[in-house]
Amino acid sequence: MQSNDTQELYAEIERIKQAILGKLQRHHGATLKDATPFQLYRSIVSTVRDQIMAQLADSRARQKDQYSRKLYYLSVEFLLGRSLHANILNLLATDAYQAVLTELGIRMEDMLREESEPGLGNGGLGRLAACFMDSLATLRLPAMGCTIRYEYGLFRQRIIDGQQVELPDNWLEFGNAWEMPALEDSVEVHFGGRLEEEWTDGKLTLNHVEYKTVMAVPYDMPITGYSTDMVNTLRMWRARAPKSSEQPRFSPELYAFAVEERELAETISGVLYPEDNNYEGKLLRLKQQYFLTSATLQYILADFKRTYGNDLYDLPEKVVIHINDTHPAMAIPELMRLLMDQEGYGWDEAQAIILRTVAYTNHTIMAEALEKWPEEMVRIQLPRVYQILEEINRRFCDRLWNLYPGQWDRIAKLAIIAYNQVHMANLAVWGSFSVNGVSQLHGEILKRDTFHDFYRIMPEKFCAITNGITHRRWLMLANPLLTALVEDAIGDGWREEPERLIELKRFKDDAAFVEKYGQIKRKNKERLARWFEREQGVIIKPDFLFDVQAKRLHEYKRQLLNALHIMVLYNRIADDPEYEITPRCFIFSAKAAPSYRRAKQIIRLINAIGAMIEKHPRARAMLQVVFLENYSVSAAEILIPATELSEQISTATKEASGTGNMKFMMNGALTIGTMDGANVEMHDRVGSENIYIFGARAQEVEQIYATQSYQSINIFERNQEIRKALNQLLDRTVLPEQGAFQDIYHSLLFGDYGGMPDPFLVLKDFGSYSMAQQRVGSDYKNQKAWNKRAIVNTAMSGWFSSDRAIHEYNQLIWKLDPVDFED
Ligand code: 26W
């Protein structure tokens with residue numbers, strides 16, 4: 001047996017080695033001796049890809065044979081991270097590739113680093129889409145992810161003189177080795193122009209004329225699953241100018257038109273909007289959203305008709321379209337348009353089809369993130385879609401008027417078009433058969449608040465499915481040492497049944513296991529320290545407690561609460577020569593939207609605090625603040641396994657779920673957090689002893705917002721430590737430049753124009769946060785007890801796998817059958 005397996009492995013190693021050397025020669029004209037690292041990397045990818053492509057062909061053929069119902073997951077963001085390692089892992093080929101590379105004298109790590117990361121997302125929503133793709137393929141569910149192939153992803157962040165500087169992310173500069181164009185599926189997307197009515201035989205037809213054309217060209221990336229032959233596709237649409245725009249033009253008007261068409265094509269898939277939880281009515285963003293939805297829907301219909309013929313009544317049986325937040329919600333009127341104008345269905349028939357086909361996930365209740373497009377913008381850019389929206393709205397408002405005669409305010413709140421704006425969330429709820437929140441608490445808030453009026457008239461649509469993360473990337477790939485230890489203890493069943501991580505729980509009483517678990521955390525901290533030194537020239541000490549807050553910078557996430565607390569600790573040390581704390585390294589990593597001025601000031605403050613501490617020898621011996629530049633999937637993979645305390649400290653009700661929280665938990669960090677989003681469910685699972693919960697609960701926060709009863713100034717006046725820290729925002733303590741943080745000071749005490757002071761309750765929660773942090777410091781001194789609690793966190797994290805989340809989506813919403821690979 002054993003020797004048979006070994007023989008097979010040797011044969012596999014030899015095959016891979018020859019393949020790589022062959023590709024080096026044929027694709028790059030190089031030999032092993034003179035190949036550059038990039039040529040080696042490309043040859044490895046190409047070898048891995050050959051195997052995946054064979055599986056992709058087979059997966060597609062089987063889906064055709066089995067008439068599989070298929071999911072289209074539409075998202076303007078997909079934050080995939082690097083693919084090479086994940087694909088090798090999914091193919092169960094890690095040992096083989098490792099052996100080949102060792103034989104060739106190449107370091108695996110160096111090869112993985114050659115890949116540029118597709119950063120086609122801002123944060124949680126984009127990364128969730130990527131985790132979902134991993135689980136969908138693993139569970140053999142037929143799905144296509146659909147997005148935009150941005151030429152530039154999210155900006156690269158550098159910190160210069162303590163401040164954020166944005167650089168373009170030219171991720172395609174050296175090509176994307178995983179993608180292949182599917183030119184045969186290119187479609188046209190039309191913008192602008194006008195509608196002409198034409199009556200023939202008493203029938204009205206609408207002709208859309210004088211529009212600008214953009215070609216949508218799909219590029220496909222294979223998405224592998226773990227230990228399965230199933231391969232799905234991520235389809236990324238690229239905008240190109242139509243061939244016709246190269247034709248000779250015989251008038252200046254026509255020439256100008258052609259030039260505009262080219263410009264449109266060049267900008268549409270140019271760059272990802274670096275905005276997270278904040279909406280601006282930018283024309284280009286509307287065009288991007290329509291570009292994605294129109295191209296995708298045309299493809300969906302064409303693909304359906306190829307398999308099932310021209311009758312689209314059965315579309316809802318075979319297709320489910322999921323819209324990831326409202327960004328692709330134009331899918332609803334666009335599908336109406338295609339069904340009516342292209343396929344000849346009547347209004348009622350078309351509406352009946354879409355109402356059984358589209359499902360919507362909401363990811364945020366932040367009012368400023370809910371998309372509303374100026375009516376005029378939509379009318380001018382998408383005249384036919386606009387007309388359909390008007391008709392949807394007219395019919396819906398009629399119905400509402402019957403329900404709520406005379407209640408204009410209530411009707412306006414539900415309307416799809418009101419006060420000259422198109423409300424995308426209302427459109428999404430109206431047009432979907434399912435609306436879900438991303439944690440239990442968030443689901444409740446949608447029902448009782450955000451969509452309360454919808455919930456009263458269509459309660460059957462609403463549900464909540466708590467987010468999840470792929471434990472393959474976030475444990476197996478990011479933390480190989482812990483993976484090996486877990487496997488030693490409980491075997492590898494948890495790879496495919498992640499909830500079996502719970503079997504680890506009893507090992508918290510196994511002294512040898514606890515010891516090893518602690519050593520692995522230490523090694524991961526040392527790995528991070530080396531990374532910091534290499535990448536940023538910063539020295540951090542693995543003896544300190546690693547306390548990490550890594551996520552987009554937003555006031556509701558309250559990096560400011562963390563920063564103010566550090567200032568208070570500093571002051572205690574500086575003011576009292578006897579005062580001591582458990583040595584701690586506070587690590588921040590966060591990108592701020594380039595236009596979000598206060599967020600950038602908070603980054604500046606964090607760096608200034610770090611520099612201030614460095615100048616104080618006694619403070620420096622117990623405290624350090626470092627900023628990890630350019631947070632990204634690859635950075636998270638190094639940072640998270642090294643973390644001991646995970647900061648999940650949003651104002652309760654504001655963080656829809658959080659997913660970073662789950663990644664840290666899985667890697668054995670304890671969480672300090674509010675009862676917000678999925679923190680609530682983490683708390684339910686690990687119990688109060690194994691998590692540090694603090695702060696106002698959702699109910700109390702809602703109460704405060706409803707009654708405007710909170711005065712931060714009272715806390716400022718009563719609490720001397722807070723007062724001192726806030727005053728230091730104005731004097732020269734943290735920065736030589738006077739008043740650099742005046743805006744932050746002002747918002748905490750007086751609020752922004754028209755709003756309440758300290759809207760995210762930083763001062764309100766400061767006291768309980770500070771007390772929880774005190775307990776962290778003293779608990780950390782008992783390393784053994786700390787590690788035991790970390791083990792409980794890893795053990796209970798299996799439920800937060802995206803395999804569980806996808807299973808729930810499938811049971812409640814999608815109802816897909818796994819593709820059968822038996823012969
Ligand atoms: C229109 C601008 C814009 C862009 C992105 C508005 C809103 C967004 C996203 C919805 C922001 C986002 O990523 N939300 C996060 O989604 C995660 C996945 O469900 C949740 O875990 C986070 O709590 C939520 O903030």
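Note that ligands are numbered from 1 as they come in the structure, with each ligand's atoms numbered from 1 the same way.
Taking the centre of each ring, His565 and Tyr769 come in below the 6.0 Å mark. Aromatic pair Phe291/Phe191: ring centres not closer than 6.0 Å. The aromatic ring centres of Tyr596 and His554 sit less than 6.0 Å apart. Taking the six-membered ring for Trp and the full ring otherwise, Trp474 and Phe664 have centroids separated by 6.0 Å or more.
The neighbour count for Arg448 CZ, taken as heavy atoms of other residues, nucleotides or ligands under 6.0 Å away, is above 12. Within a 6.0 Å sphere centred on NE2 of His807, heavy atoms belonging to other residues, nucleotides or ligands number 12 at most.
Using a 4.0 Å cutoff on heavy atoms, Gly658 counts as a contact of ligand 1. At least one heavy atom of Arg285 sits less than 4.0 Å from an atom of ligand 1. Heavy-atom distances between His327 and ligand 1 reach below 4.0 Å in at least one pair. Ligand 1 does not have Asn122 within reach: every non-hydrogen atom of the residue lies 4.0 Å or more from it.
In this structure Ile380 satisfies the side chain to side chain contact (heavy atoms under 4.5 Å, CB included) test together with Glu376, sequence neighbours excluded.
Applying the 4.0 Å criterion to heavy atoms of Ala656 picks out, from ligand 1, the atoms 23 (O). For ligand 1, the atoms sitting less than 4.0 Å from at least one non-hydrogen atom of Asn467 are 18 (C), 19 (O), 20 (C), 21 (O), numbered in the order shown with element in parentheses. Proximity to Tyr556 (heavy-atom distance under 4.0 Å) selects the following atoms of ligand 1: 25 (O).
Among all non-hydrogen protein atoms, the one lying nearest atom 13 (O) of ligand 1 is Leu125 N, 3.0 Å. Protein heavy atom at the shortest distance from atom 24 (C) of ligand 1 is His363 O, 3.4 Å. Of the protein's non-hydrogen atoms, the one nearest atom 4 (C) of ligand 1 is Glu275 O, 3.4 Å. In terms of protein heavy-atom proximity, atom 2 (C) of ligand 1 is closest to Asn278 O, 3.0 Å. Atom 23 (O) of ligand 1 has Glu655 OE1, 2.6 Å as its closest protein atom, hydrogens excluded (heavy atom only). The single protein non-hydrogen atom nearest to atom 10 (C) of ligand 1 is Asp325 OD2, 3.4 Å, given as residue, atom name and distance.
A side-chain hydrogen bond (donor to acceptor under 3.5 Å, both in side chains) with Tyr290 holds for exactly one of Glu334, Gln381, Arg285; it is Glu334.
With a 6.0 Å cutoff to the six-membered ring centre and a 45° limit on the axis angle, Lys461 does not count as a cation-pi contact of Phe454.
Ligand 1 has an N or O atom lying under 3.5 Å from an N or O atom of Ser657, backbone or side chain.
Contact annotation: for Val438 versus ligand 1, heavy atoms closer than 4.0 Å belong to the side chain alone. Heavy atoms of Asn277 found under 4.0 angstrom from ligand 1 belong to the backbone as well as the side chain. Contact annotation: for Met366 versus ligand 1, there are no heavy atoms closer than 4.0 Å.
Residues Trp814 and Leu136 are in side-chain contact: their nearest non-hydrogen atoms beyond the backbone lie under 4.5 Å apart.
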Scan the side chains in residues 430-437 for donor-acceptor partners under 3.5 Å anywhere in the protein, sequence neighbours excluded, and list what turns up.
unit_1, atom_1, unit_2, atom_2, d
Ser432, OG, Ala428, O, 2.6
Asn436, OD1, Thr361, OG1, 2.6
Asn436, ND2, Tyr809, OH, 3.0

